[in-house]
Amino acid sequence: MKKIILLSILALTTLFAQVDEKVEIPYMPYEIKMGKGFDAIEANCLMCHSFGYIINQGPQSRQFWHEKVVKMIHHFKAPISKEDEITTTNYLFEHYGNGKEK
Amino acid sequence: MKRRDFLKASLVASAAVVGTSVSAGVTGQPIDSRKVSKIAFPEKKPLITYSDRPPLLETPREVFTRGITPNDEFFVRWHMPEIPTFIDVETYRIKINGLVENELSISIAELKRDYEQVEVTSVLQCGGNSRSAYSPVAGGVQWGSGAMGCAKWKGVRLKDILNRAGVKKDAHWIGFNGSETAAYYETPNFVREMHMDELDDYVILAYEMNGEDLPYLNGFPVRLVIPGHYSDSWVKMLSNITVTKEYQKLFFMDVAYRVPDNSCECETPEEKYKTTKPITMMNVKSVIGYPTNNTVVAHNSHVVVRGVAFDDGHGIRDVLISTDGGKNWKQALLKDADRYAFREFRFAYKPTTYGKVTIMAKAINRLGAEQPFAQDVKWNHGGYKYNGIDSVTIEVI
């Protein structure tokens with residue numbers, strides 16, 4: 001059985017933006033699946049975007065997820081190693097895959 | 001029909017016809033079942049929330065009964081993880097440089113004092129609004145129909161600012177840079193470019209939205225407003241305007257926000273079209289605000305169907321309503337609206353049958369362009385420019 005953890009659960013205080021003060025963007029708790037390769041996801045993806053971006057795509061093919069990882073490396077210049085490119089793709093396909101290679 | 005059911009149905013249909021696995025892209029109604037989050041973001045009511053970093057918030061359907069979208073319900077879309085959490089209005093400057101006679105550094109106070117103040121009511125819509133209608137899934141935020149809104153924007157004409165700076169003769173392009181930043185230095189900035197020819201009196205630097213300061217998440221203290229264009233060009237927290245002779249190669253211009261460069265702007269998942277073009281101008285579209293899916297109404301009671309329709313500024317000529325799944329259409333009443341604004345429509349309907357009834361709205365603009373049925377909208381890899389006929393299914397008891 002897959003374990004699901006809630007990340008970033010923070011007590012939220014008042015969120016009225018007072019532009020003469022710092023605004024506070026709340027943290028959302030995302031139910032992200034745990035498993036092999038999750039460390040690489042945490043290290044490589046969270047720098048730029050929340051898990052919401054992953055979950056929102058719905059179940060996808062291995063090719064879809066690989067293209068996403070490559071897009072982050074190629075266009076957004078994320079410093080993802082060749083090894084992590086494979087690890088993150090495997091994780092995404094295993095937990096957010098649709099069973100199809102293409 | 002729920003999207004999943006639709007997909008299932010279309011998979012079965014295509015398998016029956018082709019005899020192989022699903023090939024061409026198919027299109028249905030965008031996802032409409034998402035609930036607003038329990039967590040409200042600064043200056044916002046709780047909205048449909050896809051991400052906190054960067055913030056991605058969608059306006060729920062029921063807000064689209066009105067021609068003006070309230071600031072606290074207006075959708076939010078940022079691209080980069082870092083947005084400034086504090087802006088000092090006293091020291092904030094908008095810099096104008098490049099091919100100009102006099103470089104300018106304009107404070108918000110000067111913007112409000114030294115230039116003619118103008119207003120424009122205009123729709124702001126993400127190019128990927130309704131992306132969840134496309135299957136196979138087009139990568140990107142799987143928006144329902146609420147990555148759009150209409151507001152009255154107040155500010156200063158970009159033209160007036162450039163005239164004061166004095167644009168040099170061989171200047172052709174205007175680049176806009178906002179204040180959001182990436183996690184990595186090498187990541188391309190969110191910079192947009194506009195050709196000088198596209199500049200008209202409606203393009204403004206707005207500091208006010210619906211009579212209030214811009215909400216922080218909608219680009220405080222000043223954003224670009226380009227009526228008729230999709231919102232990827234409406235740079236938020238505008239910090240820099242650079243005039244150049246040559247077009248600068250930019251990720252957000254040259255890779256993202258593009259559609260196939262053919263007349264249908266379409267392709268298939270297997271065979272992507274080789275050349276692309278920017279999404280630029282909006283197509284004709286309408287959304288039903290009331291009733292919403294699964295609304296229960298009494299037989300023979302009085303229902304007023306309400307919604308909004310818009311295009312790229314030619315103006316909406318007609319909105320037609322069908323209560324029989326698209327076979328017969330009747331004219332809705334339209335409220336007057338500025339050319340770039342939401343045009344409100346309403347239609348009195350008395351349900352005379354029992355059970356499920358599907359209500360559809362179809363807008364037609366002054367050029368005669370009309371919305372296609374959802375299933376006739378052709379697939380594109382970015383999931384842009386969906387404008388299928390909107391549909392809600394209610395229950396009559």
Side-chain angles (χ1 to χ4, degrees), chain A residues 7-30 32 43-61 63-80 92 96-102, chain B residues 3-4 21-22 31 34 37-44 46 49-56 76 78-90 131-132 135-143 182-188 213-217 220-221 251-252 254-256 269-270 381:
Chain A
L7 287 161
S8 322
I9 307 171
L10 295 183
L12 297 169
T13 51
T14 326
L15 300 173
F16 291 110
Q18 304 291 336
V19 287
D20 49 353
E21 290 175 15
K22 258 178 118 158
V23 292
E24 262 185 82
I25 310 291
Y27 276 93
M28 303 285 294
Y30 290 101
I32 185 91
N44 289 296
C45 308
L46 274 190
M47 280 298 285
C48 295
H49 62 78
S50 69
F51 291 132
Y53 271 60
I54 296 171
I55 296 165
N56 181 239
Q57 296 300 305
Q60 299 299 335
S61 68
Q63 184 184 324
F64 178 95
W65 285 121
H66 186 235
E67 281 172 2
K68 285 285 152 193
V69 174
V70 169
K71 176 181 166 188
M72 298 306 155
I73 298 168
H74 182 70
H75 290 306
F76 289 101
K77 313 297 178 196
I80 302 175
L92 290 165
Y96 297 96
N98 62 4
K100 292 176 189 162
E101 286 297 313
K102 278 188 162 190
Chain B
R3 182 162 170 270
R4 197 175 297 149
S21 62
V22 63
I31 292 176
R34 296 201 183 97
S37 157
K38 288 190 179 64
I39 301 173
F41 279 62
E43 298 171 286
K44 297 286 173 182
T49 305
Y50 297 98
S51 170
D52 52 359
R53 277 165 185 69
L56 303 176
V76 169
W78 291 82
H79 298 81
M80 299 297 169
E82 308 286 330
I83 57 177
T85 51
F86 176 73
I87 282 176
D88 183 350
V89 189
E90 301 298 317
R131 181 179 285 125
S132 60
S135 175
V137 162
V141 187
Q142 297 303 302
W143 299 108
Y184 302 109
Y185 179 73
E186 296 80 8
T187 305
D213 286 345
L214 286 178
Y216 198 85
L217 293 174
F220 182 83
F251 171 77
F252 285 102
D254 297 316
V255 182
E270 283 76 28
H381 71 276

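Each chain gets a letter, A, B and so on, in the order the sequences are listed, and its residues count up from 1. Reckoned from all heavy atoms, side chains included, excluding hydrogens, waters and symmetry mates. Only a predicted model underlies this, so the values are computations on that prediction, with no experimental measurement involved.
- Within the 4.5 Å cutoff, side-chain heavy atoms of Asn56(A) are placed close to those of Arg34(B).
- When all heavy atoms of Pro79(A) and Tyr184(B) are compared, the closest pair comes out as CD-CZ, 3.3 Å.
- Minimum interatomic distance between Pro42(B) and Glu24(A) (heavy atoms only, all atoms of both residues): CG-O, 3.1 Å.
- Looking at Trp78(B), the atoms closer than 4.5 Å to chain A (heavy atoms on both sides) all sit in the backbone: N, CA, C or O.
- With a 4.5 Å cut-off on side-chain heavy atoms, Leu217(B) and Ile25(A) count as touching.
- Neither the backbone nor the side chain of Lys102(A) has a heavy atom closer than 4.5 Å to any heavy atom of chain B.
- Under the 4.5 Å side-chain criterion, counting only non-hydrogen atoms from C-beta, Pro54(B) is not in contact with Cys48(A).
- Judged by distance alone, with hydrogens and angles left aside, the side-chain atoms of Thr85(B) form no donor-acceptor pair with the main-chain N or O of Val23(A) at under 3.5 Å.
- Chain A forms more heavy-atom pairs under 4.5 Å with one residue of Pro55(B), Gly140(B), Ala138(B), Pro215(B) than with any other, namely Gly140(B).
- No side-chain heavy atom of Tyr185(B) sits under 4.5 Å from any side-chain heavy atom of Lys77(A).
- Two residues are said to be in side-chain contact when any heavy atoms from C-beta on lie closer than 4.5 Å; Pro29(A) and Ile39(B) meet this criterion.
- Separating the NE2 atom in His79(B) from the NE2 atom in His49(A) is a distance of 13.5 Å, to the nearest 0.5 Å.
- The heavy-atom pair separating Tyr53(A) from Arg53(B) by the smallest distance is CE1-O, 4.4 Å.
- Heavy atoms from other residues, nucleotides or ligands lying under 6.0 Å from CD of Glu101(A) number more than 12.
- When side chains are defined from C-beta on, Tyr50(B) does not count as touching Ser50(A), because their heavy atoms never get closer than 4.5 Å.
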